[in-house]
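Hydrogens, waters and symmetry mates play no part in the numbers below; they use all other heavy atoms, side chains included.
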Amino acid sequence: MAKNQELTAKLKHYFGFDKFKGDQEAIIRNLLAGNDAFVLMPTGGGKSLCYQLPSLIMEGTAIVISPLIALMKNQVDVINGLSEEEGVAHYLNSSLNKAAIQQVMDDVRNGRTKLLYVAPESLNKDENVEFLRGVKVSFYAIDEAHCISEWGHDFRPEYRNIRPTINKIGNAPVIALTATATDKVRTDIKKSLGIVDAIEYKSSFNRPNLYYEVRQKSSDIDKQIIRFIKQNPGKSGIVYCLSRKKVEELAEVLKANDIKAAPYHAGLDSQTRSETQDAFLMERIDIIVATIAFGMGIDKPDVRFVIHYDIPKSLEGYYQETGRAGRDGGEGMCIAFYAYKDLQKLEKFMEGKPVAEQDIGRQLLQETAAYAESSVCRRKMLLHYFGEEYPQDNCGNCDNCLHPKEKREATAALIVVLQAVLAVKENFRQDYIIDFVKGRPTDDITSHRHDQLEEFGAGEDEDPKIWNPVIRQALIAGYLKKDVENYGLLKVTAAGKRFLKKPSTFMIVEDKEFNDDDLDDGSEATGTALDPTLFAILKDLRRQMAKKLDLPTYVIFQDISLEQMATMYPITLQELQNIQGVGAGKAKRYGQPFCDVIKAHCEENQIERPEDMRVRTVAKKSMLKVKIIQSIDRQVALDDIANAQGLDFDELLTEVEAIVYSGTRLNIDYFLEEVMDDDHVDDIYDYFRESETDDLDAAQDDLGPEYSEDEIRLVRIKFLSEMAN
């Protein structure tokens, strides 16, 4: 009892906590007793305390092997902040200069440093091995231990050298810690670290507060994400993308739609990454758009949603990334967008890798596809993947449980599958078994002569779509299992053999249908039609406003802008800026009466406005417009701008027209003075002041052949810029 109180007192003294969480106390006592340990504790469970507290209590220096420099710095700052003395915690990695390395070594030698963080690359350096041989090591802690396994989601070859290096430095207890590991990965870690007999501490992977949903990925994904973020204003969120390019693009789109967002990936310099991370923690920005480089060791408890723009490469990666939501036990929404084409792309990326690595990668992708496509409770599937049973059929907090599919009888199909697995001597994977039961004589099957077995083609009369869900749900039900050593080989369990002797009812839910057809469709269908009554009202309002301001109607808004207003029903100036031809300036100058009329029309006629307003994009065209505006501001000749941007002069004028029609004021007088006669400018300007239309052909007819089309267009740009903007 006294010992218990003593340890709790140390916890209170160093960390300010009154009691331990979960297995923390048992893990620490095991380490203090000099034993090896394997700790599997999901994100937010308090893993780091399991080695930080014993390092402060034990004699000597604990060596913590960690893969991320940012993570080390963060943890070292935390530990040093707890102590009145300097140098209690240090890190040793490639970011330090010679003087800093010398300071670390002096503090370790003098016994000041209780906790030394090292990257695996630094640990394996000869000079560091030599230095650490002279140090009293209390224990070794291997953080993010899944990096040891090729089956882990973040395999690092240098982690494989940790055990040989420990043997060179000197023996001490080893504690391996990870937030995600399947049975296969756990076995790998313990073997590689030489701690096969280590005591295992395994916390539950269930995060009841997290809501899981998988959505069809379609061409309007940006619009869906923007709408979701705007429906959750002020909440912190992370959007994960697989490529740096997509991270940059999406962050720009979010910013263009007035969302406080920033990109984060390994290609940015460390200062930018650090500033972005701080801005997120201090809530100066709400959304981080990131590759998986972001999030490890980020201690922000109130991330309210995690969105996967692309489906991840593995379920372990997915679990760890979603685990960054709701760490305070509050709301955490996890939305993933899935398209089978994305998996095919990921498979293609693997083509240059060694065959064994490709094989592992494909199997991990298959697990991800199974999770995305299945209609089974997502929580049940995730926990099963990590070797944990979830007893309920409906968790009430995932899309599949909130909108359950009808179950169907599949007893006969399960019998066919179990008999097939036994017939091929439990030596093959899911795709092979499916081909076998369908009766498909693939090269693989014929080379094994399995097409000659009685069971071959036993399921050829069944719906071919049934086999994946039958096998996936038989695994969850415990009739089949995947071999740990040769991962992916299907084995029939004792329960499966009992089922064959005495079959009972086996119900399944069919997989979801994901249709990739609309993924390449760049069109932006609004799904609504023009409201002719509102269009007439808006035209009338424009006419009255033009009369009052003594301007032609087209100067206020073009017909195309009114048509979109009568389709999309914008009722705020911000929404109005999503309408073609309406920039911020034009919306501010003329927009409010139009918004008021649209709002009144919707209320009087009980019109339900379409939720998905047009999303403002930042495509290459937008970047071109920015360059044109900047060049005109610097008074670069228009023909020189066209050449610099690789445009015909005609194409450049089209771009400039679009800019001024949207409400941006451009001063091209400097160019007109160079290339046009003053009288010509005045004549064309006066024409547009009096004209009811901005039509080019009508202007050419009225003004006559002595005025060129380019001249008319240039003066029309000047007129619109001055009168409309």
Side-chain angles (χ1 to χ4, degrees), residues 21-23 40-45 179-183 186 200-215 304-306 308 312 314-316 318-336 338 367-411 413-414 417-418 466 468-482 493-496 498-499 503-512:
K21 205 167 152 184
D23 286 334
L40 183 59
M41 194 179 280
T43 306
T180 58
T182 59
D183 290 342
R186 284 206 297 280
E200 274 199 33
Y201 298 91
K202 190 177 166 190
S203 304
S204 172
F205 278 82
N206 187 19
R207 298 279 306 280
N209 60 314
L210 297 190
Y211 164 77
Y212 300 106
E213 180 182 340
V214 178
R215 293 185 185 179
R304 289 290 155 245
F305 56 86
V306 170
H308 280 89
S314 74
L315 273 188
E316 281 193 272
Y318 171 77
Y319 180 84
Q320 186 152 37
E321 286 148 32
T322 56
R324 286 165 193 147
R327 285 173 64 164
D328 56 1
E331 175 188 53
M333 290 172 280
C334 308
I335 315 286
Y338 174 72
E367 297 286 1
T368 309
Y371 171 79
E373 292 169 9
S374 179
S375 301
V376 172
C377 167
R378 300 216 183 270
R379 188 164 267 96
K380 200 178 187 79
M381 282 206 79
L382 269 180
L383 296 181
H384 176 263
Y385 183 72
F386 291 111
E388 185 177 336
E389 199 177 321
Y390 184 69
Q392 278 99 305
D393 280 332
N394 189 312
C395 74
N397 202 21
C398 76
D399 54 346
N400 286 344
C401 286
L402 292 176
H403 311 285
K405 260 192 165 188
E406 208 155 300
K407 292 192 170 188
R408 62 167 282 188
E409 170 67 58
T411 305
L414 177 59
V417 164
L418 295 174
I466 198 176
N468 268 318
V470 164
I471 293 174
R472 289 166 186 168
Q473 289 167 59
L475 284 160
I476 292 171
Y479 297 127
L480 288 171
K481 67 176 181 184
K482 285 182 179 171
T493 62
R498 284 197 299 274
F499 184 91
S504 55
T505 301
F506 181 63
M507 305 292 284
I508 63 157
V509 278
E510 289 177 355
D511 282 355
K512 287 187 171 183

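- Applying the salt bridge (Lys or Arg N to Asp or Glu O under 4.0 Å) criterion to Lys481, with sequence neighbours excluded, gives no partner residue.
- Evaluation of the side chain to side chain contact (heavy atoms under 4.5 Å, CB included) rule for Asp183 yields Arg186, Val484 as partners, not counting sequence neighbours.
- Between Arg472 and Glu367 no salt bridge is recorded (no basic side-chain N to carboxylate O distance below 4.0 Å).
- Using modelled atom types, no side-chain atom of Arg379 and backbone atom of Asn394 make a donor-acceptor pair closer than 3.5 Å.
- The OG atom of Ser203 sits 9.5 Å away from the NZ atom of Lys21 when rounded to the nearest 0.5 Å.
- Side-chain contact between Phe205 and Leu382 is absent, with no heavy-atom pair separated by less than 4.5 Å.
- The stretch residues 386-395 participates, sequence neighbours left out, in these salt bridge (Lys or Arg N to Asp or Glu O under 4.0 Å) pairs: Lys380-Asp393.
- We find that Asp23 and Lys202 are not joined by a salt bridge, their nearest charged nitrogen and carboxylate oxygen being 4.0 Å or further apart.
- Residues satisfying the salt bridge (Lys or Arg N to Asp or Glu O under 4.0 Å) test with Arg304, not counting sequence neighbours, are Asp328.
- Here Leu383 contributes atom CG and Ser204 contributes atom OG; the two are 6.0 Å apart, rounded to the nearest 0.5 Å.
- What you find for Cys377 and Cys401 is that their closest heavy atoms are CB-SG, 3.4 Å.
- Judged purely by atom type and a 3.5 angstrom limit, Gln473 has no side-chain atom pairing as donor or acceptor with the backbone of Val376.
- Remark: the backbone N or O of Phe386 is not paired with any side-chain donor or acceptor of Thr182 at under 3.5 angstrom.
- A heavy-atom distance below 4.5 Å is found between the side chains of Arg207 and Arg327.
- Scanning for ring pair (Phe, Tyr, Trp, His ring centres under 6.0 Å) contacts around Tyr385 gives an empty result, with sequence neighbours left out.
- Across every non-hydrogen atom of Ile508 and Ala410, the tightest pair is CG1-CB, 3.8 Å.
- Listed by chain and number, the residues in a side chain to side chain donor-acceptor pair (under 3.5 Å) with Thr493 amount to none (sequence neighbours excluded).
- By the ring pair (Phe, Tyr, Trp, His ring centres under 6.0 Å) test, Tyr211 is found to be paired with no residue, residues two or more places apart in sequence or in another chain being considered.
- Gln392 meets the side chain to side chain contact (heavy atoms under 4.5 Å, CB included) test with Tyr390; sequence neighbours excluded.
- Evaluation of the salt bridge (Lys or Arg N to Asp or Glu O under 4.0 Å) rule for Lys512 yields Asp399 as partners, not counting sequence neighbours.
- Annotation for Asn209 and Gly330: closest pair ND2-O, 2.7 Å, computed over non-hydrogen atoms.
- Closest approach of Leu40 to Ala179, counting heavy atoms only: CD1-C, 4.3 Å.
- Residues Asn397 and Leu210 have side chains not in contact (no heavy-atom distance under 4.5 Å, counting atoms from C-beta outward).
- Remark: Phe499 pairs with Tyr479 by the ring pair (Phe, Tyr, Trp, His ring centres under 6.0 Å) rule, at least two apart or across chains.
- Between the Asp511 side chain and the Asn468 main chain, no donor and acceptor come within less than 3.5 Å of each other.
- Here the CG atom belonging to Leu414 is positioned 10.0 Å from the CD atom belonging to Glu409, to the nearest 0.5 angstrom.
- The shortest non-hydrogen separation linking Ile466 to Ala413 is CD1-CB, 4.2 Å.
- Thr322 meets the side chain to side chain contact (heavy atoms under 4.5 Å, CB included) test with Tyr212, His308, Tyr318, Cys334; sequence neighbours excluded.
- Residues forming a side chain to side chain contact (heavy atoms under 4.5 Å, CB included) with Glu510 (at least two apart in sequence, or on another chain): Lys405, Arg408.
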_Working for side-chain contact (heavy atoms from CB on, under 4.5 Å), residues Lys482 and Leu475_ = CA-CA 8 Å; Lys482 285 182 179 171; Leu475 284 160; 3.8 Å; yes

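- A pairwise comparison of heavy atoms in Pro312 and Thr368 identifies O-CG2, 3.4 Å as the closest pair.
- The closest side-chain heavy-atom distance from Glu406 to Val509 is not below 4.5 Å.
- Using a cut-off of 4.0 Å between Lys/Arg side-chain N and Asp/Glu carboxylate O, Glu213 and Arg378 are scored as not salt-bridged.
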